[in-house]
Amino acid sequence: MGRARVVRKTWPSLWPLGSAPARRSRPVPEQPPLLRRAAVRAERTVRGSRMSSHSHISAVLVVFMALAVGAGAELLTEKSCDVVGDESTESQMEKALLKKLEPLSQIRFNTTVEIGTTENYAYHFRVCREVNSSLHDFAGVVQMDRQSGKTTVIGRINETQVFNGSDWIMLIYKGGDSYGRHCSGEKRRAVIMISCKRGITASSFSIISEEREKEQDCFYLFEMDSSVACPVEDSHLSTGSILLITFSSVIAVYIIGGFLYQRLIVGAKGMEQFPHFAFWQDLGNLVADGCDFVCRSKPRNVPAAYRGVGDDQLGDESEERDDHLLPM
């Protein structure tokens with residue numbers, strides 16, 4: 001018998017789990033250069049479009065934010081008085097007076113007037129600011145009919161005139177709503193007389209009268225009190241006052257500085273802390289002695305009120321007047 005021939009076969013399915021050899025990845029066939037360049041271009045185009053879209057959205061957001069900030073700033077910044085005339089020809093005196101009135105710009109003034117049963121008005125006024133800044137109508141003085149609710153602009157801050165006297169300031173708003181059948185239909189005008197009253201920022205705003213029976217130059221007259229219309233008080237000191245203040249300051253510096261030096265540097269206690277105490281003590285003694293010398297009316301050692309009898313006052317006596325008393 002011949003030997004049996006054994007044939008060995010490999011059965012991968014019968015191998016234990018996980019012991020199978022890893023399969024080799026099949027190599028990806030290399031793309032042609034033309035296709036590879038086209039793929040790269042397509043990828044770059046997609047990336048560029050994404051970046052451009054993001055940039056466009058960012059730019060739009062920036063524009064909207066700028067517009068919002070600008071609108072907010074415009075709302076926060078209120079309009080102020082504009083003197084009549086071009087900017088190059090505006091009066092510097094009027095500008096200085098408007099700056100003087102600036103402390104009153106944040107105050108709102110109101111007053112009412114009632115004439116019979118037909119006229120019942122409320123007046124609203126602000127110094128160099130709009131009564132209602134949301135309307136942007138430059139209205140500085142507004143009249144409101146309390147019965148019908150109708151609002152009439154008496155004067156506008158973009159047509160302002162201002163001048164002053166010794167203790168008053170006259171503020172004029174022109175360019176109000178036109179009259180109807182009065183004053184030839186001209187535009188209304190508000191005149192506000194600000195009188196000096198020290199210690200008061202603003203008070204007593206009221207309407208005095210309305211002049212509308214003329215052909216032209218009609219106006220509403222208001223008045224109020226304020227310390228801004230008062231002149232600056234000049235404090236002129238005399239020569240004596242200046243010398244007295246200087247002398248007092250020098251004495252105060254000498255006493256305080258000397259006291260601190262004696263106490264902290266020298267280490268003196270009690271009355272010795274006073275600067276140059278010995279000198280001032282001696283000076284006080286001299287002054288006391290001099291005053292005593294000048295002011296006294298009699299000497300210190302006053303002699304006795306009586307005196308003994310002197311020899312010159314005795315008469316001649318006999319030397320033998322006592323001889324009989326002697327023993328013999």
Side-chain angles (χ1 to χ4, degrees), residues 78-85 90-91 93-115 119-165 167-197 200-226 228-229:
E78 292 185 302
K79 296 180 176 61
S80 58
C81 283
D82 185 12
V83 179
V84 175
E90 290 178 352
S91 171
M93 183 190 71
E94 288 184 309
K95 289 184 177 181
L97 288 175
L98 292 178
K99 188 175 181 180
K100 190 175 181 180
L101 293 174
E102 191 65 24
L104 305 178
S105 61
Q106 302 303 320
I107 305 176
R108 295 180 179 271
F109 301 93
N110 305 293
T111 187
T112 57
V113 60
E114 184 175 357
I115 304 175
E119 297 185 1
N120 189 354
Y121 299 110
Y123 293 90
H124 307 284
F125 163 61
R126 291 190 69 186
V127 177
C128 287
R129 293 293 187 274
E130 293 177 298
V131 174
N132 190 349
S133 57
S134 62
L135 297 178
H136 302 289
D137 57 355
F138 298 97
V141 179
V142 173
Q143 179 195 68
M144 186 184 71
D145 193 332
R146 302 178 69 182
Q147 296 177 349
S148 63
K150 179 183 177 182
T151 300
T152 304
V153 177
I154 304 300
R156 289 181 164 85
I157 61 175
N158 60 337
E159 297 186 32
T160 302
Q161 283 185 326
V162 60
F163 53 92
N164 69 326
D167 59 351
W168 52 268
I169 296 177
M170 186 76 76
L171 181 64
I172 301 175
Y173 291 157
K174 296 182 177 181
D177 293 342
S178 300
Y179 281 100
R181 58 182 181 275
H182 302 287
C183 300
S184 303
E186 67 177 7
K187 293 185 176 181
R188 289 175 169 84
R189 179 177 54 164
V191 179
I192 302 96
M193 170 70 77
I194 305 174
S195 302
C196 168
K197 191 171 184 180
I200 296 177
T201 303
S203 65
S204 305
F205 175 71
S206 60
I207 181 171
I208 302 303
S209 63
E210 176 189 359
E211 180 58 65
R212 62 180 183 181
E213 302 301 330
K214 302 191 300 182
E215 291 295 326
Q216 58 183 4
D217 296 332
C218 298
F219 59 89
Y220 292 76
L221 178 61
F222 302 86
E223 69 173 3
M224 59 178 292
D225 298 329
S226 176
V228 299

Inter-residue atom distance [X].[atom1] - [Y].[atom2], 0.5 Å rounding:
X	Y	atom1	atom2	answer
Ile194	Ser204	CD1	OG	12.5 Å
Glu159	Arg189	CD	CZ	11.5 Å
Ile207	Thr112	CD1	OG1	10.5 Å
Leu171	Leu97	CG	CG	9.5 Å
Ile107	Ser203	CD1	OG	10.0 Å
Asp145	Tyr121	CG	OH	5.0 Å

Over all atoms of both residues, closest heavy-atom pair of [X] and [Y]:
X	Y	value
Glu211	Cys218	O-CB, 2.8 Å
Ser80	Ile157	O-CD1, 3.7 Å
Leu104	Thr201	CD2-O, 3.3 Å
Asn132	Asp137	O-OD1, 4.1 Å
His136	Lys79	ND1-NZ, 3.4 Å
Ser206	Thr111	CA-OG1, 3.9 Å

May I have the list of side-chain donor-acceptor pairs in residues 172-179 shorter than 3.5 Å, sequence neighbours left out?
unit_1: Tyr173; atom_1: OH; unit_2: Arg126; atom_2: O; d: 3.0
unit_1: Tyr173; atom_1: OH; unit_2: Cys128; atom_2: N; d: 2.7
unit_1: Lys174; atom_1: NZ; unit_2: Gln161; atom_2: OE1; d: 3.3
unit_1: Asp177; atom_1: OD1; unit_2: Arg156; atom_2: NH2; d: 3.4
unit_1: Asp177; atom_1: OD2; unit_2: Val153; atom_2: N; d: 2.9

Whether [X] side chain and [Y] backbone form a donor-acceptor pair below 3.5 Å:
X	Y	value
Glu215	Ser184	no
Glu130	Phe138	yes
Arg108	Val131	yes

- request: Assess whether side chain to side chain contact (heavy atoms under 4.5 Å, CB included) is satisfied between Ile200 and Asp225, documenting all intermediate values.
  value: CA-CA 8 Å; Ile200 296 177; Asp225 298 329; 5.6 Å; no
- request: Starting from the C-alpha separation in whole Å, work towards a yes-or-no answer on side chain to side chain contact (heavy atoms under 4.5 Å, CB included) for Val141 and Tyr220.
  value: CA-CA 10 Å; Val141 179; Tyr220 292 76; over 6 Å; no
- request: Apply salt bridge (Lys or Arg N to Asp or Glu O under 4.0 Å) to Glu102 and list each qualifying residue two or more places apart in sequence or on a separate chain.
  value: Arg129
- prompt: Given Val113 and Glu119, is the side chain to side chain contact (heavy atoms under 4.5 Å, CB included) satisfied, shown in steps?
  reply: CA-CA 8 Å; Val113 60; Glu119 297 185 1; over 6 Å; no
Verdict with reasoning, Val142 to Tyr123, per side chain to side chain contact (heavy atoms under 4.5 Å, CB included): CA-CA 6 Å; Val142 173; Tyr123 293 90; over 6 Å; no
task: Name all residues meeting the ring pair (Phe, Tyr, Trp, His ring centres under 6.0 Å) criterion together with Phe109; count only those two or more places apart in sequence or in a different chain, and write none if there are none.
output: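 Only Phe125, Phe205 meet the ring pair (Phe, Tyr, Trp, His ring centres under 6.0 Å) criterion with Phe109.
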